[in-house]
Amino acid sequence: MSQFMSGEDLRSWLGNLAQERTLIAPIRSDGLVLFGAVSRAEEIALDYDNTLLSPKGHLFPATDTLFTIERREGGIELVPASVEGEAAIFGIRPCDALGLRVLDRPFLAEPADALYQQRRARTALIGLSCHKASPECFCTSLGTGPDDPSNVDILLTGAGEGYIVQAVTERGKALLATAPLVEAEVTPPPAPSPTPVPTEDIAEVARRAFDVPYWARLADRCIHCNLCAYVCPVCYCFDIRDHSYMGRMERMRTWESCQSPGFSRIAGGYEPRDTKGARLRQRFYHKLLYMPEQFGVIGCTGCGRCVTSCPVNIDIREVISEMQRLGASSAS
Amino acid sequence: MPPEVEGTGAVDPFLPYLATIRSMVDLTPDVKLMGLELDDPAIRDSFDYRPGQFAFLSAFGVGEAPFGLTSVAQRREGLEFAVRRVGTVTSALQELEPGDKVGLRGPFGNHFPLEDYRGKNIIIIGGGIGMAPLRPVINTILDRRADYGDMLIINGARSPQDLAFAPEFDTWAQAPRTRLELTVDRGDEGWTGSVDLVPTVVGKLKPSSQNAVAITCGPPIMIRFTLAGLRELGFADHQIVTTLESKMKCGLGKCARCNVGDKYICQDGPVFSFEQISRFVEQF
């Protein structure tokens, strides 16, 4: 027996949820499916494979005010940004939920990133299992899967005319207290099977594939558009700068990408990663070697968005396969 | 005190302390020595730091950048930073005057392990603004002169007027068992000293590697050739220590701008021996 909610009941439960907290859910906008705040359940899109962007931006916004700077009678006062109210993200896929778990590593490490920490604590995650795998998906090669409940508060899995409901955490149970659940004998459809990618021992392999001409060759076509970083549920590099406009001063944080020339450039102009090859290698090594070394987690969730988005077809699945080949051959 | 983050008991690590500029002294045509006092007396009293550590300074409305602390905490003479005009933040900081407010976050990073160098001969090799993080090393050793062996200071700059810490040269040169060697890329009419690149001076002076530690900071090209010269003189990589400059935005191991291999320069460094650096996957 499973807990079950009909599609109609789901919409009414979500509608009620949107009244008591900020509800972030997939919405269709100009033909794209994106996460956004909804006030009515009717706005929510349910027929999507995955959203164009992960919901990372709701916890780590692309531009975020850290504090405002007020000038007062010759003095300065800093007013920190505040996070108010509770939120829920509905429709997060297991890959993106794992992405938030990975983001926790740098952002919640002491001293914790205050804004991220508060948003994370106040945001419930209501996951939705994947009914199909996109051609670019490879989540099962990265420790999660289409119906993985481990990084959400509640997981819904479409079955028949409704959803099987798993309350994963105490917070999930509390949210479901008022939900119209019924006990039902339903069998979920078989979970889709994404095409595997050879991630076994990737960190070990990476140590042996560093100094090879492959990186320069691969990066030759990179136009450093940074899309891969922006669509990635895990990429967390950022920039901080002050923004002054009409007498209002703010310290802002914005997403940044290691593919930008100047990402590592220091005062005086020295550029430690002065080639596209060195920069592209940094992207894959940070994810596949340095994050495992620093945090014990791979910085990729297999969502496939960078594969879909890259205008020059740089494909992390091919990169991982090639690293396996290069790492193996230079060891022999 | 920065306000507590609601419900966490922690303070927001991006909020700087407020500080007041107490002094601004021209060291060179493009370097100013900025003396600061933290506004909050409790933070001022508890703010402790070691040679090699750094802090972020804010020019409010313009931005924030990291600078090595160039003063010595034990001297209790205020916090000093040598700010060279190279970009927007440093230009804005240089335009400020005593009495103006800046922001300060820090101290961050590790430090030169001077306690491990007791009894050793010390060779300080600094180029240009690279002398800023070495100055507190020199002054700490001078304050505890008996604890250390001979000290050789090699300080190079583009021109005589670019030698930033000239007001202290007499004190350094006259200290017991201390030798100061100055060199410039281009001399001028009044210059009677050495006109040579720093690595060339190291090669000429041939400091002994016996019971010695070499501490160097300067432009990447100077460090590269100095390192080669020191190795030729028999210095092992663990006897050569530097402080790595890196792009940094947070100082907290979060923004990943200073990521090199499994290290964040801001937290694991900025001070590394070349033995540690040679183990980095990626060589800068």
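Below, read A as the first sequence line, B as the second, and so on, with proteins coming before strands; counting in each chain starts at 1.
- Residues A:His286 and B:Ala256 approach most closely at CE1-CB, 3.8 Å, considering heavy atoms.
- Residue contact with chain B, scored on non-hydrogen atoms closer than 4.5 Å, is absent for A:Glu250.
- Minimum heavy-atom separation, B:Lys254 to A:Phe107: NZ-O, 3.6 Å.
- Proximity to chain A is absent for every atom of B:Ala65, based on heavy atoms less than 4.5 angstrom apart.
- In this structure, chain B has a heavy atom under 4.5 Å from the side chain of A:Phe210, while its backbone stays farther away.
- Within 6.0 Å of CZ in A:Arg241 there are 12 or fewer heavy atoms belonging to other residues, nucleotides or ligands.
- For a residue to count as touching a neighbouring chain, one of its non-hydrogen atoms must lie under 4.5 Å from one of that chain's; by this rule A:Ile69 touches chain B with the side chain only.
- Within the 4.5 angstrom heavy-atom criterion, only side-chain atoms of A:Arg253, from C-beta onward, approach chain B.
- At most 12 heavy atoms of other shown residues, nucleotides or ligands fall within 6.0 angstrom of atom CZ in B:Phe225.
- A salt bridge links B:Glu282 with A:Arg273; the closest basic N to acidic carboxylate O contact falls under 4.0 Å.
- Comparing B:Gly87, B:Pro220, B:Ala59, B:Gly99 by how many heavy-atom pairs each has under 4.5 Å with chain A, the most go to B:Pro220.
- Proximity to chain B (any heavy atom under 4.5 Å) is shown, for A:Tyr236, by both the backbone and the side chain.
- Heavy-atom minimum distance, B:Val281 versus A:Leu289: CG2-CD2, 4.2 Å.
- Separation of atoms OG (B:Ser58) and CG (A:Leu78) is listed at 8.0 Å; rounding is to 0.5 Å.
- A cation-pi contact, defined as under 6.0 Å to the ring centre and within 45° of the axis, links B:Arg257 to A:Phe263.
- Of the atoms belonging to B:Thr20, not a single heavy atom falls under 4.5 Å from chain A.
- When the candidates A:Met249, A:Arg251, A:Arg207 are compared by the number of heavy-atom contacts under 4.5 Å with chain B, A:Arg251 comes out ahead.
- Looking at every heavy atom in both residues, A:Arg265 comes nearest to B:Lys247 through O-CD, 3.1 Å.
- From A:Arg71, atom CZ reaches atom CZ of B:Phe60 across 8.5 Å, with rounding to the nearest 0.5 Å.
- Considering all non-hydrogen atoms of both residues, B:Asp12 and A:Leu66 come closest at OD2-O, 4.5 Å.
- Taking A:Arg281, A:Glu256, A:His243 one by one and counting their heavy-atom pairs under 4.5 Å with chain B, the maximum is reached by A:Glu256.
- Annotation: side chain of A:Gln294 is in contact with side chain of B:Asn259 (closest heavy-atom distance under 4.5 Å).
- Summarising the geometry of B:Phe14 relative to A:Phe67, their closest heavy-atom pair is O-CE2, 3.3 Å, with the distance given to 0.1 Å.
- Each of A:Pro111, A:Ala278, A:Ser244 has some count of heavy-atom pairs under 4.5 Å with chain B, and the biggest count is that of A:Pro111.
- A:Asp239 has a carboxylate O that lies under 4.0 Å from a charged side-chain N of B:Lys249, or vice versa, which qualifies the two as a salt bridge.
- In this structure, chain A has a heavy atom under 4.5 Å from the side chain of B:Lys101, while its backbone stays farther away.
- Contact annotation for B:Val86: only side-chain heavy atoms (C-beta onward) come within less than 4.5 Å of a heavy atom of chain A.
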